[in-house]
Amino acid sequence: MSDLPPDLPRLRTLEHWLALSLDRVRARIAEVETRETAMRPVRVLPQGPEWVMSYLRVRGSPLADSVHIGDCKLAGPQKRPLSGDDARRALTEGGIRACEVCRPDSELGILD
């Protein structure tokens, strides 16, 4: 046996009341989500270097190997940050190669 009214007018009234109630609940959910989002701490990721020089270990000493874009995963663990000018100088005057994957020479505007 159903606990709902048997006639259409009362069912329509109940439907309308439930729709209004659902709208109120959804509006309240949106308010709470907005408030919780505003209270949630924002994590700012540190800005890494724009360019890096990777090094190889040769007989225990570091040897400059290649220039990479700062977030290139091929740079390896032995690296140091470079300014744009230092990266250009290393590629053009220093005889250091550019990474063949991230292509810092193209990003720096150096033509091959």
Side-chain angles (χ1 to χ4, degrees):
M1 181 135 189
S2 175
D3 60 344
L4 295 176
D7 58 299
L8 189 57
R10 286 192 290 176
L11 285 170
R12 291 287 183 200
T13 301
L14 183 59
E15 177 187 35
H16 181 71
W17 180 81
L18 289 171
L20 290 174
S21 295
L22 183 58
D23 288 343
R24 287 181 54 223
V25 169
R26 287 181 175 156
R28 181 69 176 140
I29 288 171
E31 289 172 14
V32 171
E33 285 177 340
T34 301
R35 185 178 64 236
E36 287 182 1
T37 300
M39 292 174 59
R40 192 174 303 138
V42 176
R43 182 176 173 212
V44 178
L45 297 176
Q47 182 71 15
E50 198 167 350
W51 314 102
V52 294
M53 172 83 73
S54 67
Y55 291 87
L56 299 174
R57 298 296 262 173
V58 178
R59 294 186 202 103
S61 298
L63 177 66
D65 175 52
S66 55
V67 175
H68 299 264
I69 293 176
D71 61 351
C72 180
K73 302 299 182 205
L74 297 178
Q78 304 292 324
K79 59 187 172 198
R80 72 174 175 88
L82 293 175
S83 68
D85 290 337
D86 289 340
R88 278 187 198 84
R89 207 171 4 266
L91 291 170
T92 57
E93 300 168 11
I96 307 298
R97 69 184 184 89
C99 173
E100 296 173 3
V101 174
C102 67
R103 299 300 303 197
D105 50 349
S106 297
E107 291 293 323
L108 288 164
I110 299 170
L111 301 175
D112 293 333

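Just the heavy atoms: all of them, side chains too, but no hydrogens, waters or symmetry mates, feed the values below. Keep in mind that what you see is a predicted model, and the values were worked out from it rather than measured.
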(request) Treating Ile, Leu, Val, Met, Phe, Trp and Tyr as nodes and any side-chain heavy-atom pair under 4.5 angstrom as an edge, say whether Val52 and Leu108 lie in one connected cluster. (result)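 As far as the 4.5 Å side-chain criterion goes, Leu108 and Val52 are not connected within one cluster.
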(request) Please list all pairs passing the side chain to side chain donor-acceptor pair (under 3.5 Å) test where one or both residues lie in residues 90-100, with sequence neighbours left out. (result)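 Residue pairs with at least one partner in residues 90-100: Asp65-Arg97.
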Over all heavy atoms of both residues, which pair between [X] and [Y] is shortest? Give the atoms and the distance, please.
{"X": "Leu82", "Y": "Ala87", "value": "CD1-CA, 4.0 Å"}
{"X": "Ala75", "Y": "Ser54", "value": "O-CB, 3.0 Å"}
{"X": "Cys102", "Y": "His68", "value": "SG-CA, 3.7 Å"}
{"X": "Pro104", "Y": "Cys99", "value": "CD-O, 3.6 Å"}
{"X": "Ile96", "Y": "Ala64", "value": "CD1-CB, 3.7 Å"}
{"X": "Trp51", "Y": "Glu107", "value": "CH2-CB, 3.5 Å"}

(request) Identify, with sequence neighbours excluded, every residue that meets salt bridge (Lys or Arg N to Asp or Glu O under 4.0 Å) alongside Asp71. (result) none
(message) So, using salt bridge (Lys or Arg N to Asp or Glu O under 4.0 Å) as the criterion, who are the partners of Arg80 when residues are at least two apart?
(response) none
(request) Using a strict cut-off of less than 4.0 Å between a Lys/Arg side-chain nitrogen and an Asp/Glu carboxylate oxygen, indicate whether Arg88 and Asp86 qualify as a salt bridge. (result) no
(request) Output the distance between atom OG (Ser66) and atom CG (Asp105), rounded to the nearest 0.5 Å. (result) 11.0 Å
(request) List, by chain and number, the other hydrophobic cluster members for Val101, where Ile, Leu, Val, Met, Phe, Trp and Tyr join if side-chain heavy atoms come within less than 4.5 Å, directly or indirectly. (result)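 Direct or chained contacts put Val101 with Leu74.
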(message) Using a 4.5 Å cut-off between side-chain heavy atoms of Ile, Leu, Val, Met, Phe, Trp and Tyr, which other residues end up in the same hydrophobic cluster as Trp17?
(response) Leu4, Leu11, Leu14, Leu18
Side-chain atoms of residues 22-35: list all donor-acceptor pairs with protein atoms under 3.5 Å, sequence neighbours left out, distances to 0.1 Å.
| residue | atom | partner | partner atom | Å |
| --- | --- | --- | --- | --- |
| Arg28 | NH1 | Glu31 | OE1 | 3.2 |
| Thr34 | OG1 | Ala30 | O | 2.8 |

